[in-house]
Amino acid sequence: MSINSKQNQAIGIFDSGIGGLTVMQELMKRLPHEPLIYFGDTARLPYGEKSPEAIIRYSIENAIFLMEQNIKLLVIACNTASAFALEKLQKIFSIPILGVIEPGAENAVQSTRNQHIAVLGTKGTIKSGVYQREIEKKMPKARVVSIACPLFVPLVEERFFHHPAARLIVKEYLAPLHEQKVDTVLLGCTHYPLLKQLIMEELPSSLVIVDSASTCAEKVADILKLHHLANATDQKPYHRYFVSDDPKKFQSLGTDFLGSPIDHVEHLSSGFFSGKHP
Ligand code: DGL
């Protein structure tokens, strides 16, 4: 295939469900001419509570589906899947593949002034220690406080963005931060940006809250340029959405994540993934 026809191919994005739309939103802003194909594995959400083996298997299957859509680059827009499956996918597939951990760590390191960073994530992401390692690689003297916040995902899925129950839970999870000198909080999960307002209200106003999405979009732009894969046209690109369960819920909740309406969501049949992994 010539470089030119590759440039017209889409970027593939997958997440365990809906949260990766926060990354998709940044990609749409930063790369307005790139076609994007999103897959949300809503039937198997949440990944944050699953074993590493299951997360790797799901991630391979999701990637195979997107490869079949002829994508030119893959973004793993799920922190938990990035934590456990990025290296494996990079070994299996030959196109550029990017996760959200390294961009998130970079954002946190650029933001901190006192090298004291808090990372909030799912149980899986926090247990993997991957953010801590990535931050320490970039800033060896960094002190990292990691907090698993397993109830944040269901709160967001219920649209409890400003609900008093959500405020109580945010208060409870973030209590240890009041004894720390942290100046930057990294939202290490795709759902958490929707609780940002509440999180900000529960923490001293001097703290900076960052996430992976904008830096990830910036990295994608760099990789496309480096590999001569950027779409050279100025046409309005297509954006397609696939899910493994309940397209209606995805469509309605997705608007909150994406900040704009989703016209159409395609549903993959339940047998789709059987026997697809190598
Ligand atoms: N997408 C996941 C993440 O960023 C959160 C939801 C889940 O647990 O599947 O870690």
Side-chain angles (χ1 to χ4, degrees), residues 12-27 38-63 66 74-86 89 97-105 107-108 118-132 134 146-161 166 169-170 173 185-196 199 209-217 241-246 249-250 253-254 256-258 273:
I13 303 147
F14 81 79
D15 177 44
S16 54
I18 206 153
L21 291 175
T22 52
V23 178
M24 174 119 170
Q25 184 185 29
E26 289 300 326
L27 287 170
Y38 183 95
F39 174 64
D41 193 10
T42 46
R44 301 188 288 197
L45 174 106
Y47 283 12
E49 313 282 313
K50 303 275 182 339
S51 68
E53 295 73 31
I55 295 162
I56 290 170
R57 180 161 57 83
Y58 297 166
S59 300
I60 293 172
E61 290 169 346
N62 301 343
L66 287 166
L74 175 65
V75 179
I76 309 177
C78 171
N79 291 262
T80 313
S82 300
F84 292 105
L86 175 65
L89 294 191
I97 302 183
L98 195 82
V100 283
I101 304 291
E102 200 268 333
N107 219 352
V119 179
L120 314 183
T122 64
K123 272 189 194 162
T125 301
I126 296 302
K127 217 166 133 197
S128 76
V130 68
Y131 266 119
Q132 173 134 9
E134 207 54 59
S146 301
I147 304 178
C149 307
L151 292 173
F152 281 6
V153 168
L155 284 176
V156 170
E157 298 263 323
E158 285 304 314
R159 287 199 165 93
F160 274 24
F161 309 134
I169 292 168
V170 167
Y173 282 146
V185 177
L186 170 58
L187 305 181
C189 171
T190 50
H191 281 59
Y192 298 1
L194 281 99
L195 292 174
K196 186 171 175 180
I199 294 172
I209 300 179
V210 297
D211 62 47
S212 306
S214 56
T215 321
C216 181
Y241 303 89
F242 293 88
V243 290
S244 48
D245 194 24
D246 202 350
K249 183 181 173 195
F250 183 90
L253 189 57
D256 291 319
F257 281 80
L258 199 60
F273 290 121

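Counting convention: from 1, in listed order, for ligands and their atoms alike.
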How about Tyr131 and Asn79: does a side-chain donor come under 3.5 Å of a side-chain acceptor?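 A pair is found: one side chain offers a donor N or O, the other an acceptor, under 3.5 Å apart.
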Ser128 versus Thr125, side-chain donor and acceptor atoms under 3.5 Å: no
Can we call the ring centroids of Phe152 and Tyr192 under 6.0 Å apart? yes
Is the ring centre of Tyr38 less than 6.0 Å from the ring centre of Phe242?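 Distance test on ring centres: not under 6.0 Å, no.
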Run through ligand 1 for me and note each protein residue having a heavy atom under 4.0 Å from it, chain first, then residue number.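 Around ligand 1, where the cutoff is 4.0 Å for heavy atoms, the contacting residues are Asp15, Ser16, Leu45, Pro46, Tyr47, Gly48, Cys78, Asn79, Thr80, Thr122, Val153, Cys189, Thr190, His191.
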Taking salt bridge (Lys or Arg N to Asp or Glu O under 4.0 Å) as the test, write out the residues that go with Asp41, two or more places apart.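 With neighbours one apart ignored, the set is Arg44.
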Option among Asp211, Thr22, Val75 that satisfies the side chain to side chain contact (heavy atoms under 4.5 Å, CB included) test with Cys216: Val75
